[in-house]
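The structure appears right after this line, and notes come after that.
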Amino acid sequence: MAALEKDEDGFYNPAAPAASSASGGAASEAGEKKPDAISDLIDSTFEVTVTLADQQGDPNSPLYSAKTFEELGLHQDLLKGIYDMGFSKPSKIQERALPLLLANPPTNMIGQSQSGTGKTAAFVLTMLSRVDFSINKPQALCLAPSRELARQIMSVVTAMGKFTAVQTEYAIKDNLPRDVTQITAHIIVGTPGTMADLMRRRVIDLSHIKVFVLDEADNMLDQDGLGDQTLRVKNMLPRNPPVQIILFSATFPDHVRSYSAKFAPNANKIELQKEELSVDSIRQFYMDCKNAEHKYDILVSLYSLLTIGQSIIFCQHRHTADRISARMTAEGHKVASLHGAKDAAERDAIIDRFREGRDKVLITTNVIARGIDILQVNMVVNYDLPLMNERDKTADERPDIETYIHRIGRTGRFGRKGISINFVHDTKTWSQMEQIEKALGKKIIRIETHDLDEMEEKMKKALK
Ligand SMILES: Nc1ncnc2c1ncn2[C@@H]1O[C@H](COP(=O)(O)OP(=O)(O)OP(=O)(O)O)[C@@H](O)[C@H]1O
């Protein structure tokens, strides 16, 4: 490989014969193995439906519940919505949180539960339960860190509220006409900047707001990120009677925990222990690459595995995501890239294509590290490990444990199997990965980069 020519970005030249034969080899291998791969996928989907009931019956599983949805005190129209979505039993977080969320007088909630365990349904059902559909005024606000997540939450609101008269509106960039004067929808879901702007311009009448939800709350409250804008929104809310504040996330690092308690005073709390943070159904691997450029070759050689189901590749920088995707596309692979520098319409189109399975590989940044729920994603690659300096814009090169948990949590949703692969390529990245391993208390298993067959075998086994 070292003999190959590199382009000006430090990538191997796409036209170089050896490079194309490396990727071509993997592709033809994929071609031969495809029938198997497809049948594996169908089998594993079948297995998942069988094991979901088992998992929901296992008291140690985050999906376990002793109760039924009927026992949680939900309105008949919402029960219809839930069953229409194919849910049969609540998960642990739903079972524990819903009675507390729905009790009167309303009490604040700080709820933590692992990625993919059904937090969205818990807060969406609360918003829908608290809305008086006969009053055409905003009554529940929900904030999320990205437009992609806001759109996904909205899809849950409309699906669960299908048998109600709920009206909804987005507070995301480039969605409403600039001269909009009033929003009368019951539930508004958006990102903090746009929501704050609409509130300040009095487009949103706040007099009837009863519920305020922060999804990915630790991220939304982080002083280095969205914290200021989120606080602006909160400060504009009516004080009497108090609005019910609901914070949910899979992670609440220590530095946000005490602030969360101030933001949502006297809250009921559901917390995870440190060793429960990551989901067991996600098998974590790493690959020891020779250098930064070698990571690209390895990614290309993984292509046939990345497309067995769907995969998300996380990079540190937008330009890396763009360069990798341009390079892979030029080499004949079908990949998409998504990051915050793309405009709103393009971002919507890209995530929708990926959600529909029309693109199988999405190369991205932390912009979709949180919340995105696409069940077919069975592989996550940390092309670059997440670092604290992306979060706080300092020179802090410690790994960002929370973002790691969220990134790998894009797979292994609601009891499904998934795998994550970290690329390490020098002593620094190696030690960063070791810190992640230590923090999560879970072994990250090595996969050899030179043995494609072993790689394939290990990964397929992990997905079985
Ligand atoms: N009770 C249920 N029965 C079956 N499926 C469910 C149930 N509750 C939620 N799900 C499904 O589980 C998946 C994950 O749920 P959700 O997106 O709410 O996870 P989450 O806890 O918010 O994860 P994250 O921390 O990554 O945001 C979704 O596809 C959702 O439809």
Side-chain angles (χ1 to χ4, degrees), residues 45 48-57 61-72 74 78-79 81-98 101 109 111-127 142-146 148-160 162 189 213-220 246-252 270 272 276-279 281-282 310 312 355 366 368-378 380 402-418 420:
T45 316
V48 165
T49 21
V50 173
T51 54
L52 181 57
D54 297 345
Q55 289 184 58
Q56 291 209 277
S61 163
L63 308 182
Y64 170 78
S65 166
K67 292 207 176 93
T68 60
F69 280 116
E70 275 81 1
E71 291 167 80
L72 298 178
L74 294 160
L78 294 178
L79 284 176
I82 291 168
Y83 292 129
D84 193 62
M85 288 178 78
F87 296 5
S88 48
K89 258 179 127 240
S91 63
K92 193 179 271 181
I93 185 71
Q94 291 162 1
E95 174 189 57
R96 291 180 67 194
L98 277 165
L101 286 166
M109 157 75 72
Q112 186 181 14
S113 157
Q114 296 91 336
S115 57
T117 54
K119 293 183 285 295
T120 317
F123 66 73
V124 166
L125 287 168
T126 310
M127 291 198 288
C142 174
L143 292 183
S146 68
E148 287 76 13
L149 186 51
R151 292 177 72 230
Q152 178 182 295
I153 292 168
M154 189 65 99
S155 71
V156 178
V157 173
T158 46
M160 289 197 163
K162 187 172 159 190
V189 182
V213 177
L214 298 185
D215 193 14
E216 309 300 340
D218 56 327
N219 189 212
M220 306 298 295
I246 300 171
L247 312 183
F248 269 111
S249 183
T251 52
F252 279 97
I270 298 175
L272 286 178
E276 296 175 313
L277 279 170
S278 67
V279 178
S281 61
I282 307 168
Q310 282 180 271
I312 303 181
R355 212 178 267 290
N366 282 343
I368 62 153
R370 286 174 175 255
I372 295 303
D373 177 60
I374 299 172
L375 304 180
Q376 296 304 323
V377 172
N378 53 13
V380 165
E402 284 75 36
T403 302
Y404 179 86
I405 291 167
H406 289 277
R407 280 186 181 184
I408 67 168
R410 292 323 95 218
T411 184
R413 311 288 294 165
F414 214 79
R416 288 166 181 81
K417 296 267 167 73
S420 69

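Start at 1 and go down the list; that is how both ligands and their atoms are numbered.
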Please tabulate protein-ligand N/O pairs under 3.5 Å for ligand 1, atom names and distances to 0.1 Å.
from: ligand 1; atom 1: 1 (N); to: Lys89; atom 2: O; distance (Å): 2.7
from: ligand 1; atom 1: 1 (N); to: Gln94; atom 2: OE1; distance (Å): 3.0
from: ligand 1; atom 1: 8 (N); to: Gln94; atom 2: NE2; distance (Å): 2.8
from: ligand 1; atom 1: 17 (O); to: Arg413; atom 2: NH2; distance (Å): 3.0
from: ligand 1; atom 1: 18 (O); to: Lys119; atom 2: N; distance (Å): 3.4
from: ligand 1; atom 1: 18 (O); to: Thr120; atom 2: N; distance (Å): 3.0
from: ligand 1; atom 1: 18 (O); to: Thr120; atom 2: OG1; distance (Å): 2.6
from: ligand 1; atom 1: 19 (O); to: Gly118; atom 2: N; distance (Å): 3.3
from: ligand 1; atom 1: 19 (O); to: Arg413; atom 2: NH2; distance (Å): 3.3
from: ligand 1; atom 1: 21 (O); to: Thr117; atom 2: N; distance (Å): 3.1
from: ligand 1; atom 1: 21 (O); to: Gly118; atom 2: N; distance (Å): 3.1
from: ligand 1; atom 1: 21 (O); to: Lys119; atom 2: N; distance (Å): 3.0
from: ligand 1; atom 1: 21 (O); to: Lys119; atom 2: NZ; distance (Å): 2.8
from: ligand 1; atom 1: 22 (O); to: Thr120; atom 2: OG1; distance (Å): 3.2
from: ligand 1; atom 1: 23 (O); to: Gly116; atom 2: N; distance (Å): 2.7
from: ligand 1; atom 1: 23 (O); to: Arg413; atom 2: NH2; distance (Å): 3.2
from: ligand 1; atom 1: 25 (O); to: Lys119; atom 2: NZ; distance (Å): 2.7
from: ligand 1; atom 1: 26 (O); to: Arg410; atom 2: NH1; distance (Å): 3.1
from: ligand 1; atom 1: 26 (O); to: Arg410; atom 2: NH2; distance (Å): 3.0
from: ligand 1; atom 1: 26 (O); to: Arg413; atom 2: NH1; distance (Å): 2.7
from: ligand 1; atom 1: 26 (O); to: Arg413; atom 2: NH2; distance (Å): 3.3
from: ligand 1; atom 1: 27 (O); to: Glu216; atom 2: OE2; distance (Å): 3.3
from: ligand 1; atom 1: 29 (O); to: Asp373; atom 2: OD1; distance (Å): 3.3
from: ligand 1; atom 1: 29 (O); to: Asp373; atom 2: OD2; distance (Å): 2.6

Open item on the list: Side chains of Thr68 and Glu71 only: does a donor on one sit below 3.5 Å from an acceptor on the other?
Closed with: yes
Open item on the list: Do the side chains of Lys119 and Asp373 get close enough for a salt bridge, i.e. N-O under 4.0 angstrom?
Closed with: no
TODO: Please state whether the rings of Phe123 and Phe248 are parallel, tilted or perpendicular, taking 30° and 60° as the class boundaries.
DONE: tilted
Task: Set of side chain to side chain donor-acceptor pair (under 3.5 Å) partners for Asp215, sequence neighbours left out - done: none
Task: Distance-only polar pair, side chains of His406 and Thr251, donor-acceptor under 3.5 Å - done: yes
Open item on the list: Could you tell me if Asn378 and Thr411 have a donor-acceptor pair between their side chains, going purely by distance under 3.5 Å?
Closed with: no
